[in-house]
Amino acid sequence: MDKFIIDGGEKLYGKVVAQSAKNTVLPLLAAAVLTDEQVKIRGVPIINDVENMLRILSEVGCKIRRQTHCAIIDSSNAVSHEIPTRLTKELRSSVFMLGSVLTRFHRAKISYPGGCDIGLRPIDLHLSGLKRLGVEIVEKDGYIDCKADKLTGAEILLDFPSVGATENIILAAVKAEGMTVIRNAAKEPEILDLQNFLNAMGADVRGAGGSTVVIRGVKRLHGVDYTPIGDRIEVGTYLIATASCGGEIQTEGVPPENIAALLHKLRENGCKIHIKNDKIILYSNGKLKSVDLVETMPFPGFPTDMQAQYSALCTTTKGTTLIVENLFETRYRYAAELKRMGADITVRGRTALIRGVEKLHGACVTASDLRGGAALVVAALKAEGQSSVLDLSHIDRGYADFEGKLKKLGAKIRRIRV
Ligand code: UD1
């Protein structure tokens, strides 16, 4: 498996333009089977999760054409309601296919989805929401078999504002008979983007971005040509790397309100941040102070997907930071690797206490999940000496041309293909 060799200690200077958000593109691709007309999605990042989702679409019978950064999906000949098991194991977002395939075929069969190993990640909220729409579900031998002669709108109250459950229910409700109301819906910007995409196909979805989403079922959806929003987690990762190493970065394509919680913390750390429309300019002298507490929360709180990268920054800030991970149970696997670089981290359950050290030193470390892997890169960029970051398959799930974009900022990073 590929690895990065990183010579740390360089300050970062330059500009980064956001890739389209992975967490938008994946549900949008799943939504392509809702119509038999052509769906064109622009700015599709070349990352493993997207490639796997395209493979799933192709195995259910869709025709896929790739142009540079564009995916064109024609699902007029889609035939299968069964999502191939080997791909669902690779990709948790394969679960979105439940909602869209049910809408298309009134039947969907999928094995329990995989994805990053960061906790239990149940899908009970997805399934209970679908049941409210009239879906019969049989769970047997590791498979979820869903049938609905008719999907009917309903009131659904989510026990927790789950991003995936909100999206899945929207996908199953767009053509259901009558009105569906989702209360305590997740408010992430990616859900608003899914709403905009579906409405551009002729759906009637309102309220996304707030906690109540109302979907009035329509008879038919048509094709669409759509550019998704920029990836706030990708941009946040480059901002954190620059904040940690020192330097000046301008990011484009993510409105600051989508990463306000992170910008707030980085300002507290001592970074100077200027905003111009969807441009964020961050300046750091590389000598930051710690903030006391960071707790991950659903949007607009501090995103769990930035927790690992931000913790990497905290390893060299002056003072002590308490991190509380409220979303996923085992999201600190990177901590043991950061310790190899000299970090001082104590993990107990959902909390991590990070005491800032003077400097990190280069080490050989292994990524074990997507954002944890990115955190190791952030730390290696700051560390004195050379580091190797192994098992890039995790990082390649979410960052298109990670090393290329970092090199342009002045980082000394190269990929060794193994
Ligand atoms: C999505 C994002 C992921 C991000 C997460 C939280 C995509 C493709 N992935 O994942 O990057 O880290 O949101 O912002 O968009 N839960 C249940 N039952 C369910 C569903 C979720 O208990 O049926 C729990 C989870 O275990 C977790 C919490 O709800 O504790 C949040 O999960 P959820 O918002 O569903 O995350 P994902 O949609 O999996």
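When a ligand or atom number is given, it counts from 1 through the structure's own listing order. All values below come from the heavy atoms of this structure, side chains included, with hydrogens, waters and symmetry mates left out.
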contact_flag Glu190 ligand 1 heavy-atom lt 4.0 Å:
no

Please assess Val254 against Ile259 for the test side chain to side chain contact (heavy atoms under 4.5 Å, CB included), listing each intermediate value before the final yes or no.
CA-CA 8 Å; Val254 171; Ile259 47 169; 4.3 Å; yes

Any idea which atoms of ligand 1 are less than 4.0 Å away from a heavy-atom of [X]?
{"X": "Arg331", "value": "12 (O)"}
{"X": "Thr304", "value": "6 (C), 12 (O), 14 (O)"}
{"X": "Gly164", "value": "35 (O), 38 (O)"}
{"X": "Leu327", "value": "27 (C), 28 (C), 30 (O), 31 (C)"}
{"X": "Arg92", "value": "39 (O)"}
{"X": "Asp124", "value": "17 (C), 18 (N), 19 (C), 22 (O), 23 (O)"}
{"X": "Phe160", "value": "28 (C), 29 (O), 31 (C)"}

Relative to atom 33 (P) of ligand 1, which among Val163, Asn23, Leu194 owns the nearest non-hydrogen atom?
Val163

Winner among Ser93, Pro122, Ala21, Ser128 once heavy atoms are compared against atom 16 (N) of ligand 1:
Pro122

Are Val365 and Phe4 packed together at the side-chain level, in the sense that at least one heavy-atom pair is separated by less than 4.5 angstrom?
no

Side-chain heavy-atom pair Thr321, Asp292 within 4.5 angstrom cut-off:
no

Lys382 side chain to Gly286 main-chain N or O, any donor-acceptor pair under 3.5 Å?
yes

Nitrogen or oxygen of Lys22 less than 3.5 angstrom from that of ligand 1
no

Please confirm whether Pro161 comes within less than 3.5 Å of ligand 1 when only nitrogen or oxygen atoms on both sides are compared.
no

Do we get Lys265 above Phe302's six-membered ring, with its NZ or CZ under 6.0 Å from the centre and within 45° of the axis?
no

Does a donor on one side chain and an acceptor on the other come within less than 3.5 Å for Tyr310 and Asn269?
yes

Side chain, backbone, both or neither: which applies to Phe299 and ligand 1 if a contact is any heavy-atom pair less than 4.0 Å apart?
neither

Ion pair check, Asp401 and Lys408, cut-off under 4.0 Å:
no

Quick one: do Glu248 and Lys272 make a salt bridge, cutoff under 4.0 Å?
no

Just wondering, are more than 12 heavy atoms of other shown residues or ligands nearer than 6.0 Å to NE2 in His106?
yes

